[in-house]
Amino acid sequence: MNSRIKNLKKETLSDNWAVLSKVTYDYLNNQGIWTKQIRESYDRGDGATILLYDPKRKTVILTSQFRLPTFMNKNESGLMIEAVAGKVDEDSPEGCVIRESEEEVGYKIKSVTKIFEAYMSPGSVTEMIHFFIADYDSSMRVHAGGGLDSEQEDIEVLEVAFEEAMGWIEKGVLKDGKTIMLLQHLKIRELSRPQST
């Protein structure tokens, strides 16, 4: 336990789709003074995301789907362009992205590379996202994708030139944080590769 935290008390405010808790605790600040703090914490479990990249054709696979929270905050259509992602649940992060790649976009990926993990909104959400990248080609496509009816998913599959997807960031077309991080990682990786002459 952190010695700067004591008297931690948690009260469940909602336990519907995920758990929203009100947390009260005493915190020893940098001036050596104990202060009582009250925060809310949203726990929906950890997630995993993957960017599928065809190194020969220089394309990526992305998704487009309705995201209610963005619709509630100035996204008029509610549609978001994103990399494949899902909740880890009882699966491993690697198993999650392999499963979600097949469910969401119809590609059966054989191997993935983990590149990093990150808290995306540490001020309020407990979720840690595990980030992966994998090569794909047309031979790996086993169906059209679209997500699961049982989860009310309605996903459009997008195959986009990598440089076009990068341009979408500056144009404001692409606003999903995890997808931006994956595309920028891929850009750095591609720039650092030795160029063939």
Side-chain angles (χ1 to χ4, degrees), residues 42 44-71 73-88 91-107 109-138 140-141 145 147 153 155-197:
Y42 192 61
R44 62 180 302 272
D46 288 343
T49 184
I50 186 166
L51 183 63
L52 304 182
Y53 175 61
D54 183 335
K56 292 182 180 174
R57 296 168 56 239
K58 308 289 188 201
T59 56
V60 293
I61 298 292
L62 299 173
T63 68
S64 176
Q65 60 186 307
F66 179 76
R67 295 298 200 185
L68 177 66
T70 74
F71 179 73
N73 187 25
K74 303 183 182 127
N75 181 4
E76 290 183 7
S77 72
L79 293 175
M80 289 289 288
I81 296 172
E82 305 174 43
V84 169
K87 289 179 68 174
V88 172
D91 209 348
S92 67
E94 292 85 355
C96 172
V97 292
I98 290 170
R99 180 189 73 240
E100 293 289 342
S101 293
E102 187 169 344
E103 289 176 2
E104 291 190 0
V105 296
Y107 284 85
I109 304 302
K110 295 167 187 158
S111 63
V112 300
T113 301
K114 185 169 183 180
I115 51 177
F116 52 81
E117 54 193 42
Y119 293 104
M120 299 300 290
S121 188
S124 58
V125 181
T126 64
E127 180 182 45
M128 176 182 284
I129 303 273
H130 302 263
F131 288 75
F132 294 85
I133 199 161
D135 290 351
Y136 82 95
D137 60 50
S138 59
M140 297 177 183
R141 191 148 202 203
E153 291 179 316
I155 297 170
E156 180 184 359
V157 181
L158 308 174
E159 185 173 46
V160 186
F162 171 63
E163 288 301 331
E164 182 178 2
M166 287 296 299
W168 284 354
I169 300 172
E170 287 189 16
K171 291 176 183 175
V173 174
L174 203 161
K175 295 184 178 181
D176 177 63
K178 64 184 182 298
T179 307
I180 292 169
M181 292 164 72
L182 283 165
L183 287 167
Q184 290 177 335
H185 170 85
L186 181 58
K187 181 74 171 181
I188 292 166
R189 188 186 81 171
E190 290 302 294
L191 289 173
S192 65
R193 281 186 177 176
Q195 301 298 314
S196 55
T197 55

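- Every residue was checked against the side chain to side chain donor-acceptor pair (under 3.5 Å) condition with Ser101, not counting sequence neighbours, and none meets it.
- Taking Lys114 as the reference, Glu117, His130, Phe132 meet the side-chain contact (heavy atoms from CB on, under 4.5 Å) condition, with sequence neighbours excluded.
- Atom NZ of Lys171 and atom CD of Glu164 lie 7.0 Å apart (nearest 0.5 Å).
- In this view, Lys87 satisfies the salt bridge (charged side-chain N to carboxylate O under 4.0 Å, His left out) rule with no residue, not counting sequence neighbours.
- For the salt bridge (Lys or Arg N to Asp or Glu O under 4.0 Å) condition, the pairs that include at least one residue of residues 45-55, sequence neighbours left out, are Asp54-Arg57.
- Using modelled atom types, one side-chain atom of Thr49 and one backbone atom of Val84 make a donor-acceptor pair closer than 3.5 Å.
- Under the side chain to side chain donor-acceptor pair (under 3.5 Å) criterion, Thr126 pairs with Asp43, sequence neighbours left out.
- To the nearest 0.5 angstrom, Ile98 atom CD1 is 8.5 Å from Ile109 atom CD1.
- Here the straight-line distance linking atom CD1 of Ile61 with atom CG of Leu158 works out to 8.5 Å at 0.5 Å rounding.
- Counting only distance, with no hydrogens or angles, the side chain of Ser121 and the backbone of Ser124 share no donor-acceptor pair below 3.5 Å.
- For Leu68, the side-chain contact (heavy atoms from CB on, under 4.5 Å) partners two or more places apart in sequence, or in a different chain, are Phe66, Phe71, Met72.
- Annotation: salt bridge (charged side-chain N to carboxylate O under 4.0 Å, His left out) contacts of Glu82 (sequence neighbours excluded): Arg67, Lys178.
- Within a 6.0 Å sphere centred on NZ of Lys58, heavy atoms belonging to other residues, nucleotides or ligands number more than 12.
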Would you check, one step at a time, whether the test side-chain contact (heavy atoms from CB on, under 4.5 Å) holds for Ile169 with Lys187? CA-CA 13 Å; Ile169 300 172; Lys187 181 74 171 181; over 6 Å; no
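- Considering only residues two or more places apart in sequence or on other chains, Glu94 meets the salt bridge (charged side-chain N to carboxylate O under 4.0 Å, His left out) condition with none of them.
- Take Phe116 and apply the ring pair (Phe, Tyr, Trp, His ring centres under 6.0 Å) test, not counting sequence neighbours, and it matches Phe131.
- Qualifying ring pair (Phe, Tyr, Trp, His ring centres under 6.0 Å) partners for Tyr107, counting only residues two or more places apart in sequence or in other chains: Tyr136.
- One distance of note links CG of Leu174 with OG1 of Thr179; it measures 5.5 Å at 0.5 Å rounding.
- Contact detail for Ala134 and Ile50: the closest heavy-atom pair is CB-CD1, 3.7 Å.
- Residues passing the side chain to side chain donor-acceptor pair (under 3.5 Å) test with Thr70, sequence neighbours excluded: Asn75.
- Scored by the salt bridge (charged side-chain N to carboxylate O under 4.0 Å, His left out) test, Asp91 finds Arg99 as partners (sequence neighbours excluded).
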